[in-house]
Amino acid sequence: MLLAVQQPFKNSRIVEKANFVDYIRVFCKSGKGGAGSMHFMRTKFNAQAGPDGGDGGRGGHVILRGNSQLWTLLHLRWHKNLLAEDGENGSGDNCTGRFGKDIIIEVPLGTQAKDEETGEVEAEILHDGQEVIWLPGGQGGRGNAYFKSATNQTPEYAQPGMPGREGWKVVELKVLADVGLVGFPNAGKSTLLSTITAAKPKVADYAFTTLTPQLGMVEYRDNKSFCMADLPGIIEGAHEGKGLGHRFLRHIERNAVLLFLIPADSPDHRKEFDVLVNELEQYNPELLDKQFLLAISKSDMLDDELKAAISAELPENVPHVFISSVTQQGLSELKDILWSALTDKNNQVNTADTVEAE
């Protein structure tokens with residue numbers, strides 16, 4: 001059975017039984033190229049018709065293909081060895097050997113393929129139908145007919161096939177979503193997602209209810225929509241492996257906008273926000289470049305005076321909104337803020353691309 005996690009994880013029994021798998025370790029090997037043929041043609045009327053050895057066939061590739069219908073790497077859990085077929089040897093009469101059959105690995109969008117030893121990212125799948133040759137097959141050897149020339153009319157040699165590539169690899173999924181929900185356990189992330197999308201995450205009154213990322217599509221005006229991800233709760237020290245650890249922090253890297261959820265009954269709203277931001281910074285400082293938004297959940301218990309007091313302690317450079325998933329309070333305003341942030345983010349990306357092209 002393939003390893004779902006490379007690093008020690010105290011909730012590994014729970015994760016192992018879950019249907020969401022975002023980390024797989026596999027052994028991959030592309031096919032060896034076929035050897036070229038050293039052959040001489042002999043006919044009834046000409047026993048020395050010349051070299052006619054064909055080239056060897058190319059070894060099979062190991063190919064990654066994006067599939068928008070997949071959302072987990074569970075289907076790879078039971079495939080420990082991914083071995084492409086070797087190319088066939090060339091033969092006489094200038095016959096080229098058959099190419100080895102490629103192995104096509106379908107993966108969800110947002111998947112990265114890495115070398116286990118170096119950690120180098122070797123391939124990344126972001127679009128449906130996108131194909132990347134991860135491990136190319138070995139090239140077939142040239143037959144002796146290839147080396148024939150006016151000064152070398154009877155070459156008595158041919159090339160062997162080139163070896164394929166092999167090694168232990170890591171396939172890692174980072175969820176693609178427009179908006180990522182960040183917050184402590186029981187901040188109301190799952191409740192919010194189930195209220196404004198058709199997703200049905202588990203909702204309960206105990207910590208770490210959500211053990212895997214949950215995705216949902218938020219419907220907006222004029223048939224517009226965007227994707228929101230409910231990420232498992234972060235606690236102080238998550239970057240060091242506490243709680244669910246940094247197992248799911250990788251998914252935050254792919255979200256364009258981060259929505260921080262802090263419950264209204266928190267003893268210190270600003271401190272809770274600062275702790276969450278610090279955990280992201282410790283994990284990956286580049287996350288601080290993302291657009292931050294702040295929502296105070298469970299705010300149906302607040303009056304105007306309490307809302308003003310909470311607003312005074314929140315950071316001024318981060319837009320905030322008071323919401324309640326139970327009473328639907330502030331949800332329309334929240335969607336407007338999120339859509340505006342996503343639109344501005346896309347415009348910035350398009351502008352940067354235009355400037356770079358010029």
Undergrad: Would you please say whether a donor-acceptor pair under 3.5 Å links the side chains of Ser91 and His39?
TA: no

Undergrad: Run Arg142 and Phe147 through side-chain contact (heavy atoms from CB on, under 4.5 Å) and show every step you take.
TA: CA-CA 8 Å; Arg142 299 288 191 178; Phe147 300 102; 3.8 Å; yes

Undergrad: Just checking, Arg270 and Phe273: is the charged tip under 6.0 Å from the six-membered ring centre and within 45° of the axis?
TA: no

Undergrad: Would the distance check show the side chain of His75 and the main-chain N or O of Glu106 forming a donor-acceptor pair, the cut-off being under 3.5 Å?
TA: yes

Undergrad: State whether a side-chain donor-acceptor pair under 3.5 Å links Ser225 with Glu219.
TA: no

Undergrad: Would you say that Leu192 contacts Leu181 through its side chain, given a criterion of any heavy-atom pair below 4.5 Å between the two side chains?
TA: yes

Undergrad: Say whether, by atom type as modelled, one donor and one acceptor occur between the side chain of His320 and the main chain of Ile296 under 3.5 angstrom.
TA: no

Undergrad: Can you tell me if Tyr146 has over 12 outside heavy atoms packed within less than 6.0 Å of its OH?
TA: no

Undergrad: Using side-chain heavy atoms (C-beta onward) and a distance below 4.5 Å, is Arg221 in contact with Asp336?
TA: yes

Undergrad: Would you check if Leu173 and Tyr23 make a side-chain contact, meaning some heavy-atom pair closer than 4.5 Å?
TA: no

Undergrad: Please report the interatomic distance OG(Ser311) to CG(Asp304), rounded to the nearest 0.5 Å.
TA: 10.0 Å

Undergrad: Checking Trp134 against Glu122: is there a side-chain donor and acceptor pair closer than 3.5 Å?
TA: yes

Undergrad: Report yes or no: do Asp55 and Thr96 form a side-chain donor-acceptor pair below 3.5 Å?
TA: no

Undergrad: Going hydrophobic residue to hydrophobic residue with side-chain gaps under 4.5 angstrom, can you get from Val107 over to Leu109?
TA: yes

Undergrad: Ala35 and Asn89: which non-hydrogen atoms are nearest, and at how many Å?
TA: N-OD1, 2.8 Å

Undergrad: Got a donor-acceptor contact below 3.5 angstrom from the Ser299 side chain to the Leu302 backbone?
TA: no

Undergrad: Answer yes when Glu131 and Arg65 have at least one side-chain N-carboxylate O distance shorter than 4.0 Å, and no when they do not.
TA: yes

Undergrad: So how far is it from Gln328 CD to Ile196 CD1, rounded to the nearest 0.5 Å?
TA: 9.5 Å

Undergrad: Assess, by modelled atom type and distance only, whether the side chains of Thr118 and Asp115 contain a donor and an acceptor separated by less than 3.5 Å.
TA: yes

Undergrad: Can you find a pair of side-chain heavy atoms, one from Leu83 and one from Phe27, that are under 4.5 Å apart?
TA: yes

Undergrad: When rounded to the nearest 0.5 angstrom, what distance separates OG1 in Thr343 from CZ in Phe226?
TA: 9.5 Å

Undergrad: Side-chain heavy atoms nearer than 4.5 Å, only ILVMFWY residues, links allowed to pass through others: does that put Met38 and Met41 together?
TA: no

Undergrad: Minimum heavy-atom separation for Lys298 to Pro263, with atom names?
TA: CD-CB, 4.1 Å

Undergrad: Please determine whether side-chain contact (heavy atoms from CB on, under 4.5 Å) holds for the pair Arg77 and Ile24, giving the CA-CA distance in whole Å, both sets of side-chain angles, and the decisive distance to 0.1 Å.
TA: CA-CA 7 Å; Arg77 170 174 280 183; Ile24 286 291; 4.3 Å; yes

Undergrad: Any Lys/Arg nitrogen of Lys169 or Glu116 sitting under 4.0 Å from an Asp/Glu carboxylate oxygen of the other?
TA: no

Undergrad: List the atom of Leu342, the atom of Ala256, and the distance in Å for their closest heavy-atom pair.
TA: CD2-CB, 4.1 Å

Undergrad: Can any side-chain N or O of Lys189 pair as donor or acceptor with the backbone N or O of Phe184 at less than 3.5 Å?
TA: yes

Undergrad: For Lys271 versus Asp268, what's the shortest heavy-atom pair and its separation?
TA: N-OD1, 3.1 Å

Undergrad: Any heavy-atom pair between the side chains of Glu286 and Leu288 that's under 4.5 Å?
TA: no

Undergrad: Checking Lys290 side chain against Asn255 main chain: does a donor-acceptor pair fall under 3.5 Å?
TA: yes

Undergrad: Salt bridge or not between Lys114 and Glu172? Use side-chain N to carboxylate O under 4.0 Å.
TA: yes

Undergrad: Do Ser30 and Glu166 have side chains that get closer than 4.5 Å, going by heavy atoms?
TA: no

Undergrad: Are Val218 and Tyr220 co-members of a hydrophobic cluster defined by side-chain heavy atoms under 4.5 Å apart?
TA: yes

Undergrad: What are the two closest heavy atoms between Ala158 and Gly36, and how far apart are they?
TA: CB-O, 3.6 Å

Undergrad: Inspect the contact between Glu85 and Lys101 and indicate whether a charged nitrogen and a carboxylate oxygen are less than 4.0 angstrom apart.
TA: no

Undergrad: Atom CG in Leu306, atom CE in Met301: separation rounded to 0.5 Å?
TA: 10.5 Å

Undergrad: Pick one: which of Leu261, Thr195, Asp300 meets side-chain contact (heavy atoms from CB on, under 4.5 Å) with Ser325?
TA: Thr195

Undergrad: If you count heavy atoms of other groups shown closer than 6.0 angstrom to CG of Asp303, is the number above 12?
TA: yes

Undergrad: Can you see which heavy atom on Lys148 is nearest to which on Pro51, and at what distance?
TA: CD-CG, 3.9 Å

Undergrad: Hey, quick one: are Val182 and Val318 part of the same hydrophobic cluster, counting side-chain heavy atoms closer than 4.5 Å, chains of contacts allowed?
TA: yes

Undergrad: Closer than 3.5 angstrom, by distance alone: can the side chain of Glu281 be matched with the main-chain N or O of Asn278 as a donor-acceptor pair?
TA: no

Undergrad: Verify the distance criterion only: is there a donor paired with an acceptor across the side chains of Asp102 and His61 at less than 3.5 Å?
TA: no

Undergrad: Begin from the C-alpha positions of Leu258 and Val179 and carry the test side-chain contact (heavy atoms from CB on, under 4.5 Å) through to its verdict.
TA: CA-CA 6 Å; Leu258 298 182; Val179 179; over 6 Å; no

Undergrad: Quick one, Pro108 and Leu73 - any side-chain contact, counting heavy atoms below 4.5 Å?
TA: yes

Undergrad: Just verifying a value: how many Å separate Gln112 CD and Glu124 CD, rounded to the nearest 0.5 Å?
TA: 4.5 Å

Undergrad: Please report the interatomic distance CG(Leu276) to CG(Leu294), rounded to the nearest 0.5 Å.
TA: 9.5 Å

Undergrad: CD of Glu88: more than 12 outside heavy atoms within 6.0 angstrom?
TA: yes

Undergrad: Can you find a pair of side-chain heavy atoms, one from Pro136 and one from Arg165, that are under 4.5 Å apart?
TA: yes

Undergrad: Test Asp178 against Met228 for side-chain contact (heavy atoms from CB on, under 4.5 Å), laying out the working first.
TA: CA-CA 6 Å; Asp178 298 308; Met228 178 178 286; over 6 Å; no

Undergrad: Is there a path from Val171 to Leu70 through hydrophobic residues (I, L, V, M, F, W, Y) whose side chains come within less than 4.5 Å of each other?
TA: no

